[in-house]
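Presented below is the structure to which this report refers.
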Amino acid sequence: MIYKHRHQPSELPILGSLHTRMNLSSENKKYYYSLKKGWKGELLFDSFAKELTCDCLILNNLLLSSNNTAFQIDSLIITAETIFIYEVKNFAGDYYYESEKFYNMRGMEILNPLHQLNRTASLLRSMLSKQGFNLPMECKVIFINESFTLYQAPINDTVIYPTQIRKYFHKLNAIPSKSTKRHRLLAEKLLELQLDDFLIKPNMPSYQYVQLQKGISCAKCHSLSVHENGRKCICTICKHEELTESAVVRAAKEFKLLFPNEKMTTGIVHDWCSIVESKRRIKYILYKKFQCRWKDTLALLRMKQYLTNSTPVRLAYIEK
Ligand SMILES: [Zn+2]
């Protein structure tokens with residue numbers, strides 16, 4: 001049973017949108033790609049975990065603190081006898097292992113996930129022991145990407161390689177397990193001790209409205225090469241088609257994500273989308289799909305007036 005669902009890191013859609021609309025620094029780009037890759041890997045892990053039918057509690061993306069040190073757990077599974085903690089790595093391609101270190105094929109050392117996991121386990125152990133929970137713990141590094149190869153790989157049952165994943169979950173499923181009130185108390189405690197995730201967020205790039213490229217990004221390939229054709233928006237790169245209404249709603253939500261404190265008015269969304277010629281159409285879509293900030297009779301009246309005789313009014317919208 002999933003006790004804590006996984007949520008997309010909040011900075012990922014922001015960075016994705018900025019990546020489309022401005023030139024990110026190489027550092028920000030690197031961070032965006034690694035975040036995206038990590039997120040995909042975690043989703044892949046979830047696709048295996050959700051098949052588990054044994055009586056267990058699954059908690060995803062935990063951010064905790066022990067001895068004044070923050071630590072993150074990709075996934076934690078509580079079974080009757082054991083707490084399993086997982087570090088999910090979405091490395092793709094070839095790597096090698098030498099003298100307890102991981103290297104890519106260019107000879108660049110990468111952070112040893114086993115060390116990372118040992119540190120996490122010891123912090124968690126200490127934290128749980130203070131709370132009176134002393135279940136045995138098992139740690140696993142899961143290399144989730146099927147294109148991952150590790151030369152000179154250590155024979156270590158803490159590491160699950162791509163070809164072993166199915167078998168591993170199959171074995172986990174076969175462990176007799178019956179969760180009790182005590183296990184649920186443990187899960188509740190872990191949720192209660194969650195830290196706010198802004199604590200670990202690196203500096204996000206700064207941006208202003210004027211510096212961002214306007215337009216509607218393609219829902220499929222994310223390029224801004226989208227043009228309006230009748231009631232549809234069509235991407236010139238991948239030929240993906242989307243109804244203008246849904247494309248404008250997406251773009252408006254993207255605007256709100258990047259500028260949460262700005263008022264979402266017809267004018268600004270019209271400028272932001274840039275490819276939709278009719279301002280009236282934008283107004284109609286916003287009115288239909290969002291909620292007027294001033295949800296009063298006057299606003300409705302003004303809207304009717306606007307639609308009938310083009311009396312200019314400025315309405316701001318929020319998500320329904
Ligand atoms: Zn496209």
Side-chain angles (χ1 to χ4, degrees), residues 6-47 90-93 144-148 204-260 262 264-290 317-320:
R6 194 183 302 283
H7 295 291
Q8 180 174 219
S10 55
E11 63 271 47
L12 188 55
I14 297 179
L15 283 168
S17 170
L18 294 178
H19 181 58
T20 303
R21 295 178 185 272
M22 68 185 269
N23 277 327
L24 288 178
S25 69
S26 58
E27 199 181 306
N28 285 143
K29 253 187 228 168
K30 211 169 135 193
Y31 176 59
Y32 167 59
Y33 293 142
S34 86
L35 204 62
K36 196 168 149 185
K37 202 167 160 191
W39 171 242
K40 277 189 182 166
E42 287 169 9
L43 289 183
L44 204 53
F45 173 89
D46 292 349
S47 66
N90 191 10
F91 296 165
I144 204 85
N145 194 312
E146 59 180 18
S147 78
F148 173 75
M204 288 287 280
S206 62
Y207 54 91
Q208 285 178 336
Y209 182 80
V210 285
Q211 75 188 105
L212 300 185
Q213 215 180 319
K214 311 299 183 290
I216 294 181
S217 68
C218 169
K220 200 172 167 197
C221 74
H222 310 295
S223 83
L224 285 175
S225 307
V226 171
H227 67 272
E228 194 191 20
N229 187 345
R231 302 184 74 81
K232 284 179 182 169
C233 285
I234 302 167
C235 173
T236 50
I237 292 182
C238 74
K239 313 289 174 216
H240 178 71
E241 292 187 5
E242 185 180 12
L243 284 176
T244 303
E245 185 174 290
S246 111
V248 168
V249 169
R250 253 187 338 101
K253 286 184 178 171
E254 187 187 342
F255 168 80
K256 206 60 201 165
L257 178 75
L258 294 176
F259 304 100
E262 292 294 322
M264 193 165 74
T265 61
T266 304
I268 200 119
V269 175
H270 184 245
D271 184 66
W272 178 246
C273 292
S274 91
I275 58 151
V276 180
E277 213 176 303
S278 161
K279 206 169 175 179
R280 209 177 166 82
R281 191 165 192 184
I282 297 275
K283 179 145 210 145
Y284 175 73
I285 295 169
L286 291 180
Y287 189 71
K288 189 173 157 195
K289 295 289 182 181
F290 293 84
Y317 301 87
I318 49 174
E319 282 191 43
K320 274 183 185 167

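In listed order, ligands and their atoms are each counted from 1.
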Between Tyr32 and Glu11, a side-chain donor and acceptor under 3.5 Å
no

Can Phe45 and Arg6 be said to form a side chain to side chain contact (heavy atoms under 4.5 Å, CB included), step by step?
CA-CA 11 Å; Phe45 173 89; Arg6 194 183 302 283; 4.0 Å; yes

Taking the Zn ion (ligand 1) as the apex, SG on Cys238 and SG on Cys221 give an angle, to 10°, of 120°

Tell me whether the Zn ion (ligand 1) has Cys235 as a neighbour, meaning an N, O or S atom of it below 2.8 Å.
yes

Considering only NZ, NE, NH1 and NH2 on the basic side and carboxylate oxygens on the acidic side, decide whether Arg250 and Glu242 come within less than 4.0 Å.
yes

Tell me whether Glu241 is salt-bridged to Arg231, with the criterion being a basic N under 4.0 Å from an acidic carboxylate O.
no

Within Cys218, is some N, O or S atom less than 2.8 Å away from the Zn ion (ligand 1)?
yes

